[in-house]
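Residue numbers count from 1 along this sequence.
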Amino acid sequence: MRKISDTVHSDVLIIGGGSSGMCAAIAARKKARSCGFADKDFQVTILERNRRPGVKIGISGGGKCNITHDGTVDELLGKGFFRKSEQRFLRHALYAFSNKDLLELLARQGLRTVVRYDDRVFPGSECADDVLKVFERELERSLIQVLTGERVTYAESRDGVFRIMTETREFSADMLVVATGGVSYPQTGTRGDGLKIAHSFGHKVTKPLPALAPIYLDNAPSRMLVGVSLRDVALKVKADGNSVARTGDLLITHKGLSGPACLSLSREVAEMQVEAGESRVMIDFFPNCSAETLGKKLREHAFAKGGQLIRRFLQLQTTIPSSFVPLIMQQSGIDQDEKWGNLTKKARRSLELVLQNFAFGLVKAIPLEAGEVSAGGVVLKEVNPKTMESKKCRNLFLCGELLDYTGEIGGFNLQAAFSTGWLAGWSVR
């Protein structure tokens, strides 16, 4: 085995060339220059296991790349991160490198961006590769050494110097940034290597769980429902007396559910599966109505439209696709040709209950490999939120999806990766 003196040495070594790793490298160079270091005297190196850095950026948003979300930092924290502990932890990073800073960086390289009606920000070209090319040019301008095809297998700190082994050679560094991502989309190289490295330095790692993922059901939906979209409904999941819910759009797939409401809720459902086991999935077609309000609405309608077929009323509701109407009637125990005037009080109450608790099946799985991101990771309280430096090991910095936070769908996770990476790189000494 070679000695430290024979290794390739860097002042800052970054493991992982994704969104957080690239930002960390660019920020480290900028910080070094601001401190008067000549580029030749301050080496910044990225070790990336893939053939090209930023692979996950290239496939994000279905190849269109939802770069970030529009709004103030406080708005991003409130809309994108529902857990207070995550909001507190990410606040410093998002202020250090905000969505405005990110868009200015892209604009300097000539990339036009657009803000959609829902405040999600995309490249004007709708091509994720254009975003990645900007970062590649920034790495080149910053004279960052990017070594691809280098999977790190071991890392340690000895006498204040980090020693890093890949499958082919050995490196050393004064400062180490781990930015390997989580475990979602393993085909992009995010296979938990960084979690093992963080654990080897004494960090506690929360078991990774899927997030922003589809939900598979025990019994696959019937073919007549596959591809059907539901607008502005509430997805409810209940297990062992606990329940979680999210309002938004749903998409019925050949294995279960997808769409914004499902993706947003998947992290909580995955946690529920671990804690309680069997989880029941329900759909609320009237999420903005209380049970009392809906009951009053149906009573008044039955009085005014006694000759109308109940199925006709259901077909006219904007939140109920026509393919669901016979299933709602069946679950309610109401004949398909029943009219409002003939409906018993008991049957009407049954319909009320089904409209807000339509049983759609049992959760079979939330596939970790299909999640846009993964929950879990390095416990946040063991990382300094003002610098991203480890509280366990001096000059070790941790950033990106490796950390135990998860944002909502809408560009929040990419922004958090860019921001935590930038703060880690800017904080190197």
*May I ask you to check whether over 12 heavy atoms, not counting those of Lys79, lie within 6.0 Å of atom NZ?*
yes

_Tell me if a side-chain donor or acceptor on Ser427 pairs with a main-chain N or O of Leu423 at a distance below 3.5 Å._
yes

*Is it true that a side-chain atom of Ser332 and a backbone atom of Ile334 form a donor plus acceptor pair closer than 3.5 Å?*
no

*Measure from the side-chain N and O atoms of Asp232 to the backbone N and O of Asp249, and report whether any donor-acceptor pair falls under 3.5 Å.*
no

*asked:* Atom NZ of residue position Lys386 - does it have more than 12 heavy atoms of other residues, nucleotides or ligands inside 6.0 Å?
replied: no

_Is it the case that atom CD in Gln330 sees more than 12 heavy atoms from other parts of the structure closer than 6.0 Å?_
no

*asked:* Distance alone, cut at 3.5 Å: any donor-acceptor contact between the side chains of Ser125 and Asp130?
replied: yes

*asked:* In the structure I gave you, are the side-chain heavy atoms of Lys100 and Asp70 within less than 4.5 Å of one another anywhere?
replied: yes

*Aromatic ring proximity, centroids under 6.0 angstrom, Phe82 and Phe412*: no

*When rounded to the nearest 0.5 angstrom, what is the spacing between CG in Leu380 and OG in Ser85?*
6.0 Å

*Given side chains that start at C-beta, do those of Leu298 and Trp340 come closer than 4.5 Å, heavy atoms only?*
yes

*For Glu138 and Arg108, what are the C-alpha separation, side-chain angles and deciding distance, and is it a salt bridge (Lys or Arg N to Asp or Glu O under 4.0 Å)?*
CA-CA 10 Å; Glu138 282 291 323; Arg108 287 197 299 270; 5.1 Å; no

*Ala239 and Glu278: which non-hydrogen atoms are nearest, and at how many Å?*
CB-O, 3.2 Å

*Starting at NZ of Lys296, measure out to CD of Glu292 and round the result to the nearest 0.5 Å.*
11.5 Å

*Locate the shortest heavy-atom distance separating Thr406 from Ala375; write the atom from each residue and the value.*
OG1-CA, 3.3 Å

_Determine whether Asp335 and Asp337 satisfy the following criterion, side chain to side chain contact (heavy atoms under 4.5 Å, CB included), listing intermediate values before the conclusion._
CA-CA 5 Å; Asp335 187 82; Asp337 293 321; 3.6 Å; yes

*asked:* Using the rule given for salt bridge (Lys or Arg N to Asp or Glu O under 4.0 Å), can you reason through Arg49 versus Glu167, listing the C-alpha separation, both sets of side-chain angles and the distance that settles it, and then say yes or no?
replied: CA-CA 10 Å; Arg49 66 178 291 166; Glu167 293 174 330; over 6 Å; no

*Any sub-3.5 Å donor-acceptor pair from Asn357's side-chain atoms to Met282's backbone N or O?*
no

*Just do the side-chain hydrogen bond (donor to acceptor under 3.5 Å, both in side chains) check on Ser200 and Glu156 with the steps written out, would you?*
CA-CA 8 Å; Ser200 73; Glu156 69 173 3; over 6 Å; no

*Please determine, by modelled atom types, if Ser20 and Glu401 share a side-chain donor-acceptor pair under 3.5 angstrom.*
no

*Drop me the distance from Thr153's OG1 to Ile197's CD1, to the nearest 0.5 angstrom.*
8.5 Å

*Looking at Phe97 and Leu102, what are the two nearest heavy atoms and their distance?*
CZ-CA, 3.7 Å

_Within 6.0 angstrom of Arg312 CZ, more than 12 heavy atoms from elsewhere_ = no

*Look only at the side chain of Gln336 and the backbone of Arg311, and say whether a donor-acceptor pair between them is shorter than 3.5 Å.*
no

_Lys/Arg-Asp/Glu bridge criterion (N-O < 4.0 Å) met for Arg116, Asp118_ = no

_Walk me through whether Arg91 and Asp74 qualify under side chain to side chain contact (heavy atoms under 4.5 Å, CB included)._
CA-CA 8 Å; Arg91 179 175 298 276; Asp74 285 343; 2.6 Å; yes

*Looking at Val228 and Ser323, what are the two nearest heavy atoms and their distance?*
CG2-OG, 3.6 Å

*Kindly give the heavy-atom pair with the smallest separation between Val131 and Leu106, and that separation in Å.*
CG1-CD2, 4.3 Å

*asked:* Is any side-chain heavy atom of Asn413 closer than 4.5 Å to one of Leu212?
replied: yes

*Are more than 12 heavy atoms from other residues, nucleotides or ligands located less than 6.0 Å from atom CZ of Arg299?*
yes

*Report the distance from atom CZ of Arg151 to atom OG1 of Thr168, rounding to the nearest 0.5 Å.*
12.0 Å

*With a 4.5 Å limit on heavy-atom distance, are the side chains of Leu90 and Leu76 in contact?*
no

_Would you compute the distance between atom CD of Glu86 and atom CG of Asp404 and round it to the nearest 0.5 angstrom?_
7.0 Å

_Tell me if a side-chain donor or acceptor on Lys56 pairs with a main-chain N or O of Glu372 at a distance below 3.5 Å._
yes

*Residue pair Thr45 / Glu150, side-chain heavy-atom distance below 4.5 Å*: no

_Under 3.5 Å: donor-acceptor pair, side chain of Glu382, backbone of Lys204_ = yes

_Basic-acidic side-chain contact under 4.0 Å: Arg348, Glu352_ = yes

_Worked verdict on Tyr405 versus Thr420 for side chain to side chain contact (heavy atoms under 4.5 Å, CB included)_ = CA-CA 11 Å; Tyr405 69 78; Thr420 57; 4.1 Å; yes

_Heavy-atom side-chain proximity of Trp422 to Ile26 below 4.5 angstrom_ = yes

*Is the shortest heavy-atom distance from the side chain of Phe201 to the side chain of Phe162 under 4.5 Å?*
yes

*Taking side chain as C-beta onward, heavy atoms only, is Lys133 less than 4.5 Å from Gln109?*
no

*With no hydrogens and no angle check, do the side chains of Ser279 and Gln273 hold a donor and an acceptor under 3.5 Å apart?*
yes

*asked:* Quick check against the 3.5 Å criterion: does Gln317 have a side-chain atom that pairs as donor or acceptor with the backbone of Phe313?
replied: yes

_Inter-residue atom distance Leu414.CG - Cys65.SG, 0.5 Å rounding_ = 5.5 Å

*Does Ser34 use its side chain to pair, donor to acceptor, with the backbone of Lys31 at less than 3.5 Å?*
yes

*asked:* Quick one, Lys64 with Asp129, criterion salt bridge (Lys or Arg N to Asp or Glu O under 4.0 Å). Give me CA distance, side-chain angles, the key distance, then yes/no.
replied: CA-CA 8 Å; Lys64 296 182 180 180; Asp129 197 58; over 6 Å; no

*What's the verdict on side chain to side chain contact (heavy atoms under 4.5 Å, CB included) for Arg231 and Thr318, showing C-alpha distance, side-chain angles and the deciding distance?*
CA-CA 8 Å; Arg231 305 295 181 189; Thr318 57; over 6 Å; no

*Does a donor on one side chain and an acceptor on the other come within less than 3.5 Å for Ser264 and Glu408?*
yes

*Quick check: are there more than 12 heavy atoms from other residues, nucleotides or ligands sitting under 6.0 Å from CZ of Arg141?*
no

*Sidechain-backbone polar pair: Ser390 side chain, Lys392 backbone, donor-acceptor under 3.5 Å*: yes

*asked:* Parallel, tilted or perpendicular, judged at 30° and 60°: which one describes the rings of Phe358 and Phe360?
replied: tilted

*Ignoring hydrogens and angles, state whether a donor on the side chain of Glu75 or His69 is under 3.5 Å from an acceptor on the partner side chain.*
no

*For Ile366 and Ala213, work out which heavy atoms get closest and say how close.*
CG2-CB, 3.6 Å

